[in-house]
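Comments concern the structure below.
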Amino acid sequence: MSPRRTDAGGRIDRLRTIRFTFDGAPYTGHAGDTLASALLANGVTLFGRSFKYHRPRGVLTAGVEEPNALVTVLRGEIREPNIAATMAEIYDGLTAVSQNRFPSLAWDVSAANQLGGKLLSAGFYYKTFMGPAIGPLKSTRFWMFCEHFIRRAAGLGRAGTAADAARYERMNAFCDVLVVGSGPAGLMAARAAADQGARVILSELEPHFGGSANWSGETIDGMPGADWAARAAGQLEGYDNVRLLPRTTVWGYYDGNTLAALERVADHKERPGKGEPRHRYWIIRAKSVVLATGSFERPLVFPGNDRPGVMLAHAAERYANEYGVLAGNRIALFTNNDSAYRSALTLKKAGAAIVAIVDVRSELSSRMRELADEAEAKILFGHAVVATEGGKALSGVKVQRFDMVNGALAGEARSIQADCLLMSGGWSPTIHLASQAGAKAEWNAARQAFLPPKPTQQWIGAGAFTGSFSTAEAIAEGRAAGLSAAARTGVPTALPVVEAAPGGPDPAPVFEIRANGKSFVDFQHDVTAEDVRLAHREGFVSVEHLKRYTTLGMATDQGKSSNIPGLAIMAEALGKPIPEVGTTRFRPPFSAVSIGSLAAERFGDLRPQRLTPMHDWHVANGATMYSAGLWYRPMIYGHPGETIEQAYVREARATRESAGIVDVSTLGKIAVQGPDAAEFLDQVYTNMFSTLAVGKARYGLMLREDGLAFDDGTTWRLGEQDFLMTTTTANAGKVMQQLEYFLDVIWPGLKVHVTSVTDEWAGAAIGGPRAREILAACVTGTAVDNATLPFMGIVHGKISGVPVMICRLSFSGEMAFEVYSGAGYGAHVWEALIEAGKPFGLVTYGLEALGTLRIEKGHVTGAEIDGRTTARDLHLDWMLSRKKPFIGSAMMDREGLIAPGRLELVGLISLDNQPLNGGAHIVEALDEANPHDSIGHITACCYSPALGKYIALALVKDGKARRGTRAHISDPLRNRFGPVEIVSNHFFDPDGSRMHG
């Protein structure tokens, strides 16, 4: 039998033996064990080394908050560092190694850092940056000397270099109610919401549902809590409207009740099943969320509190009740609250000897005395632990009389032999997701903890998350939260009856025992109580500055157990109450997230992939796709044997002769709404929009504040206070950013709301001589004749039963229409348009043909609006209103922006009938051996089927004056030289007769 495995109890399968290795040594455990519980059962107490001092460390917790017991898991050549042993489920063949040590865990040469004393105190690296001046090592030279050694020492586990062969998945889910956490509160919330017919997702980061019910030892409805939880989860599994997600950590709470979660599908298996991913990344959009995330027990801060064998009380209780493992044989407890007494009784019943309960409080309730008597434990009330004894394992503790009022120690310290010390410093609700959702946490003096903020999104709290630490309260709050989340009141029913150990939840306001020796606040980053006080002495008064200077709460555990003690010590140093000092804001992720899961099925490119609603249709119909900015768009729809040029020429020619259709879903689309929307657009655009009639669109130009051209597009007036702005695909984000900046900072008094709706609309542009006939054949609910739908007019109708919005505008120079529908119907409308166009010779065309059509027409895009050109350079000065100010109007007439010799937009025609290249320079006199004296450059080029020639748009010095003259292309990198004619940028239909029809 294992040294510390109990004879019975726990939820492990004692009939299944699992073999694994740790640091090369073989061990055995049972199915259901974590790596931490299995190693503890085998008598292992040393799990790792601390970050800075390389002090020996044992396991501190039993869950996701573990700061000490971090290991590297090996799967062949793949190594994954910084895995909490408390969360790693063992399987046959598991290979794990310890970290941050050399040459071995037991004998680590870097443990000599402990002799560094104040040289390695808080902020030592910042001070290293500055000096000192030692001989030639002056100024930054000293840092450069130290940098190599500091970088080698930094980090914990070593990342692998082998390619990850695992598969990852990404899933989107929608639900009425998402319940995060499956303790008694979460189970009751899920059941209550499901009974009302709501679609429910219940997520639990542990392998088993039940939370604290699995280890508290309480009785619920006449049965052990673990059995009650298993029965409740089994009942939920039978609901059609409930999805259960075990081993799933909800790690991020974002706007619009969108939450991110990571499901560990195969980490606990020797090898994944066929087609099974290792991790699954969930994006969950919920109408309402129930946060039943429980709480974390806090450590106490005292000298030697990091020695292997020192553990949180609830962790030892959990190891005994869930895994049948004793944290020690002779156990002492150190507490400032009642919960440790229940732990003592649990461990006594499991077979441990409870040698003492050290309580900082001078008075105890009779019920706590009864629990201590039942545990056969001696109570040392009004005492504190002031030191621990031992090396790589605990051998004893020293205790001394303690005055809770003034923090003073009195009398002689005396030793107590113990191989395990359990500490309990109170409980902190796990409010991380609520903090991410918005608003500041609220301090509760009774609980000595920060409680959740008032909701700014649709979430409801229940159980220990709200500071209600009893199981009976959790059950009641959970049911109420579930009903509220499902928008129901429910019929009053009897709640499960709970039989629990007595005890109140409120701790004494004691966080630190000040005595000689290092007292650790953040265990992983070796932040001591003295480091926190040093930060105060050196002028760091903000908790955010404290965090960064000391690195408190910046380790892999993100301060889950250390934040409150650190803040309390800082508050004492400042002479302020804790709520006045405040707390840092929690940010996602709540716990580590694999990069593979974020990339999921799409990998090999660092850029995200944005796909239009018609993407699958394009691929299925022979489109050659390529990345255009963040989007994937069709380049051509090539026929067998066609070159790219042949394909786009065919597509462009067919569009001019009959009709063509192109996917324009990627255009930026921004809803501008509010009483002052028209006034706002007048200030954003160079031309007037307040005079635009409802049901009409207008082409607009934006400038930057420095007077240079920024973006162009059309804006549609859908109502008196409702506009739809379209932008170029590439500049959609920048335009949105500019609009928000001016509304927030420059014109905060304007009553305007801007919303990016790019992903809400699917768009198709259909143009050509027969475009109107095609629309007339498939649009219902409105006519599309010239009187009903004139140039820049807007109508609403339906295509194949789907509501659409149609605007008559043209980018190609042909009579053209943009058709928008809801994104979910995009492919349906697209296919209906193509079907209607078949009798009229409609073709689909890609970006290459789109570019050809726009070059022939002389339209500008980002290639010409390149951050250096003005409206005059692009011959758009007719759009510069003199009746109103607008962004950039004060700067657009600067001397340099109106001076002669500026680059101006022109057209080029190749005179040697050879292709032109984008970026090629234009020169007056050709000198192939010594290219020089560039007068401009090509911005876009193509073969024009309308002209039967190679043409280009270019920016040329005094370009307008040079029309009708000749010049040369000088492109030495591609060895292209040749004559060109400089002409107007309007190659095709300059008077717009085709476009206006």
Side-chain angles (χ1 to χ4, degrees), residues 117-118 121-122 297-307 310 313 332-341 355-365 368-369 372 377-389 394 396-416 418 421-426 443 445-449 504 506-522 527-537 546 550 552 562 564-581:
K118 294 183 179 180
S121 60
E297 191 172 28
R298 299 191 295 254
L300 289 162
V301 180
F302 57 91
N305 63 340
D306 68 324
R307 196 178 304 280
V310 180
L333 294 96
F334 180 29
T335 186
N336 66 359
N337 67 92
D338 290 350
S339 64
Y341 291 81
V355 295
I357 299 177
V358 183
D359 198 323
V360 297
R361 297 172 295 181
S362 57
E363 295 182 4
L364 300 177
S365 68
M368 291 305 100
R369 293 175 185 271
K378 181 179 180 180
I379 306 176
L380 298 174
F381 53 84
H383 279 68
V385 175
V386 295
T388 60
E389 299 171 329
L394 185 76
V397 299
K398 288 187 175 182
V399 299
Q400 199 170 351
R401 286 194 173 277
F402 175 73
D403 188 332
M404 190 178 72
V405 177
N406 57 26
L409 295 167
E412 292 292 324
R414 54 180 172 139
S415 296
I416 297 175
L421 172 64
L422 306 182
M423 51 184 173
S424 179
W443 178 255
R447 298 291 189 265
Q448 289 290 292
D506 299 337
V510 174
F511 298 91
E512 180 195 9
I513 308 301
R514 298 187 67 169
N516 294 328
K518 278 187 167 59
S519 303
F520 288 90
V521 181
D522 186 308
V527 179
T528 65
E530 187 54 36
D531 285 331
V532 177
R533 282 187 278 271
L534 176 63
H536 165 253
R537 292 196 298 271
L546 165 71
T550 63
L552 173 67
S562 62
I564 298 300
L567 294 173
I569 295 169
M570 183 68 168
E572 182 186 30
L574 289 169
K576 296 180 178 180
I578 293 176
E580 190 173 331
V581 174

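It should be emphasised that the depicted structure is a prediction, and the values quoted were computed from it without experimental measurement.
Here the CG-OG distance, from Leu567 to Ser562, works out to 9.0 Å after rounding to the nearest 0.5 Å. The NE2 atom of His383 sits 10.5 Å away from the CG atom of Leu409 when rounded to the nearest 0.5 Å. Note that CG of Asn337 and CE of Met368 are 10.0 Å apart. Values are rounded to the nearest 0.5 Å. For the atom pair CZ of Phe520 and CG of Asp306, the computed distance is 4.5 Å after rounding to the nearest 0.5 Å. Note that the CG atom of Leu333 and the CD1 atom of Ile357 stand 5.5 Å from one another [nearest 0.5 Å]. Note that CG of Asp359 and CG of Leu364 are 5.0 Å apart. Values are rounded to the nearest 0.5 Å.
For Ser519 against Val301, the heavy-atom pair with the smallest separation is CB-CG1, 3.6 Å. Closest approach of Gln400 and Ala410 over heavy atoms only: CG-O, 3.2 Å. Scanning both residues, Val310 and Gly304, for their nearest heavy atoms gives CG2-O, 4.1 Å. Minimum interatomic distance between Tyr341 and Arg361 (heavy atoms only, all atoms of both residues): CE1-NH2, 3.8 Å. Heavy atoms only, all atoms of each residue included: Ile569 and Ala529 are closest at CD1-CB, 3.8 Å. Minimum heavy-atom separation, Gly504 to Asp338: N-OD2, 2.8 Å.
Between Val360 and Phe334 the shortest side-chain heavy-atom distance falls below 4.5 Å. Contact of the Val581 side chain with the Ile578 side chain is not registered, since no non-hydrogen atoms from C-beta on lie closer than 4.5 Å. Val385 has its side chain out of reach of Ile513: every pair of non-hydrogen atoms, C-beta onward, lies at least 4.5 Å apart. A 4.5 Å side-chain heavy-atom check between Met404 and Glu363 finds every atom pair outside the cut-off. With contacts defined as side-chain heavy-atom distances shorter than 4.5 Å, the pair Phe302/Lys398 does not qualify. Side-chain atoms of Leu380 and Arg414, non-hydrogen and from C-beta on, do get closer than 4.5 Å to each other.
With hydrogens and angles ignored, the 3.5 Å screen pairs a side-chain donor or acceptor of Asn305 with a backbone N or O of Leu300. The backbone N or O of Thr388 lies less than 3.5 Å from a partner atom in the side chain of Arg307, making a donor-acceptor pair. Looking only at distances, a side-chain donor or acceptor of Asn336 sits under 3.5 Å from a matching main-chain atom of Ala508. Listed for the His536 side chain is no donor-acceptor partner under 3.5 Å among the backbone atoms of Leu534.
For Arg298, the side chain to side chain contact (heavy atoms under 4.5 Å, CB included) partners two or more places apart in sequence, or in a different chain, are Ser428, Gln448, Ala449, Pro507, Phe511, Ile564, Pro565.
In this model, a donor atom of one side chain and an acceptor atom of the other lie less than 3.5 Å apart for Ser415 and Glu389.
Other residues, nucleotides and ligands place more than 12 heavy atoms under 6.0 Å from the CZ atom of Arg533.
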